[in-house]
Amino acid sequence: SNPRVGVACCRSQVIDSDGRPLHLSSAWYEGMDPRRWTEDFVASGDEECRRFMVRQNTIPNASGAVFRRSVAERAGGAPEDRRLVGDWLFWIAMLSISDLAYVASPLNRYRKHTGSVSSAAEREGVDIEEAYHVARHVASRHAVPEEALEAARERLSGLWFARWIAADCDLSWRRHLALYRAGRPFDSRVVSRLAWRWFALRAGTLRRLVSPKRRHRGANREPRTNVDA
């Protein structure tokens, strides 16, 4: 009913490989507007790109979306030279020339496999490397506000750091270098962001190690008395 809308999507129910429900796709929107994806809405495609798509893919499940063929043909289809973000770039291309409609009801189910291509690529940090490419792409074509740029930079450096220290990931220095080459043009402070997180982590670890000892020493100490009382 809205001729400006080129893409429509709904909330998804994420399930595991056995069909058990895990969480709703609204979990993907944490750190952004907490209320926006709880109700139906129609939004400007340009605004969606500037405020949200620059940070992450807000249509994370292609099977939970429909789009007008005419808009897809004008957008040129999904790029095939990316392992994980082809659909993300496809949504951006269509939303650059049309608007978005969202249905808050979970009308779709999305199965997450631990052995999927996306899971393997995530362990290698490919998703982060390609996300930096998408962020640069959006920033070069849309008037992205500074707060959205900063939020995107913080999110991506946070993902990089989390993947770096994760027990089930083993990023090689070659992969770190690839991430740096992808991230540096979008975030000139990416190294300092990683360093700050590293120092914060080490400081927190030291506090956890020292605090119990301090409490133990305090427990064995005799109570002080006020000699002037």
Side-chain angles (χ1 to χ4, degrees), residues 1-12 14 24-110 117-118 121 126-156 159 182-183 185-187:
S1 63
N2 188 329
R4 276 290 304 165
V5 170
V7 183
C9 64
C10 69
R11 195 186 307 204
S12 295
V14 183
L24 294 175
S25 59
S26 51
W28 279 307
Y29 309 130
E30 293 178 358
M32 296 193 287
D33 188 333
R35 298 181 182 178
R36 187 172 190 260
W37 286 274
T38 61
E39 299 179 353
D40 299 355
F41 65 79
V42 173
S44 160
D46 177 69
E47 180 184 13
E48 188 72 14
C49 292
R50 292 188 301 108
R51 295 181 57 202
F52 303 108
M53 278 289 188
V54 69
R55 307 189 199 186
Q56 63 191 78
N57 186 2
T58 56
I59 310 177
N61 184 14
S63 64
V66 293
F67 48 87
R68 297 186 193 273
R69 178 182 296 178
S70 59
V71 174
E73 290 174 347
R74 287 176 58 197
E80 299 179 358
D81 59 342
R82 298 287 168 177
R83 290 176 63 181
L84 299 177
V85 300
D87 57 341
W88 188 359
L89 290 168
F90 187 38
W91 307 134
I92 290 169
M94 287 193 288
L95 292 176
S96 297
I97 57 176
S98 67
D99 290 344
L100 171 71
Y102 173 79
V103 177
S105 300
L107 305 178
N108 172 262
R109 295 203 301 169
Y110 171 61
V117 173
S118 59
V126 175
D127 58 326
I128 303 170
E129 181 181 0
E130 294 192 349
Y132 273 122
H133 168 82
V134 175
R136 297 199 313 271
H137 174 82
V138 175
S140 67
R141 290 164 173 79
H142 296 268
V144 180
E146 183 58 35
E147 59 269 23
L149 288 173
E150 186 64 14
R153 292 163 181 155
E154 279 291 317
R155 176 180 178 272
L156 290 174
L159 285 175
F186 178 69
D187 183 6

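Worth saying up front: this structure is predicted, and the values here are computed from it rather than measured. Just so you know, residue 1 is the first one in the sequence shown, and it goes up from there.
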> Any side-chain heavy atom of M53 sitting closer than 4.5 Å to one from L95?
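They are in side-chain contact.
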
> Does E150 have any salt bridge (charged side-chain N to carboxylate O under 4.0 Å, His left out) partners at least two apart in sequence or in another chain, and if so, which?
R153, R189, R193

> With sequence neighbours left out, what residues match S105 under side chain to side chain contact (heavy atoms under 4.5 Å, CB included)?
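Per chain and number, S105 pairs via side chain to side chain contact (heavy atoms under 4.5 Å, CB included) with V103, L107.
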
> Rounded to the nearest 0.5 Å, what separates atom CG in L100 from atom CD in E47?
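Interatomic distance, L100 CG to E47 CD, rounded to 0.5 Å: 10.5 Å.
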
> Any ring pair (Phe, Tyr, Trp, His ring centres under 6.0 Å) involving residues 66-88? Give me the pairs, sequence neighbours left out, ordered by first then second residue.
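Of all non-adjacent pairs touching residues 66-88, those that pass ring pair (Phe, Tyr, Trp, His ring centres under 6.0 Å) are F67-F90.
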
> Which residues pass the side-chain hydrogen bond (donor to acceptor under 3.5 Å, both in side chains) test with S63, not counting sequence neighbours?
N61, N108

> Please enumerate all residues that pass salt bridge (charged side-chain N to carboxylate O under 4.0 Å, His left out) together with R4, with sequence neighbours excluded.
D99

> For P60 and D87, work out which heavy atoms get closest and say how close.
O-OD2, 4.5 Å

> Going by the rule side chain to side chain contact (heavy atoms under 4.5 Å, CB included), which residues pair with A151 if we only count those two or more places apart in sequence or in a different chain?
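Only R55 meet the side chain to side chain contact (heavy atoms under 4.5 Å, CB included) criterion with A151.
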
> Rounded to the nearest 0.5 Å, how far does NE2 of H142 lie from CD1 of I92?
7.0 Å

> Begin with the C-alpha distance, continue with both residues' side-chain angles, and end with the deciding distance and a verdict on side-chain contact (heavy atoms from CB on, under 4.5 Å) for R35 and E39.
CA-CA 8 Å; R35 298 181 182 178; E39 299 179 353; over 6 Å; no

> Can you see which heavy atom on I97 is nearest to which on A75, and at what distance?
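That closest heavy-atom pairing would be CD1-N, 4.1 Å.
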
> With sequence neighbours excluded, tell me which residues meet side chain to side chain contact (heavy atoms under 4.5 Å, CB included) with R82.
V85, L89, E130, H133

> Listed by chain and number, what are the side-chain hydrogen bond (donor to acceptor under 3.5 Å, both in side chains) partners of T58, not counting sequence neighbours?
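Residues passing side-chain hydrogen bond (donor to acceptor under 3.5 Å, both in side chains) with T58: E48.
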
> Which atoms form the tightest heavy-atom contact between V5 and V7, and what is the distance?
CG1-O, 3.4 Å

> Please collect all ring pair (Phe, Tyr, Trp, His ring centres under 6.0 Å) contacts where either partner lies in residues 42-66, sequence neighbours excluded, each pair once.
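Sorted result for residues 42-66: W37-F52.
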
> Does R50 have any salt bridge (charged side-chain N to carboxylate O under 4.0 Å, His left out) partners at least two apart in sequence or in another chain, and if so, which?
D46

> Using modelled atom types and a 3.5 Å cut-off, is there a donor and acceptor pairing between side-chain atoms of R51 and backbone atoms of A148?
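Not confirmed, R51 side chain does not pair with A148 backbone.
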
> What pair of heavy atoms forms the shortest contact from S98 to V71, and how long is it?
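Taking every non-hydrogen atom into account, OG-CG1, 3.7 Å.
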
> Would you call S96 and C49 a side-chain contact if the rule is heavy atoms closer than 4.5 Å?
yes

> Not counting sequence neighbours, which residues clear salt bridge (charged side-chain N to carboxylate O under 4.0 Å, His left out) with R74? List them please.
none

> Would you please name every residue forming a side chain to side chain contact (heavy atoms under 4.5 Å, CB included) with A65, sequence neighbours left out?
C9, I59, W91

> So do R136 and P185 actually touch side chain to side chain, heavy atoms under 4.5 Å?
yes

> Would you find a donor on one side and an acceptor on the other, under 3.5 Å apart, between the side chain of R11 and the backbone of A104?
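Side chain of R11 to backbone of A104: a pair is present.
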
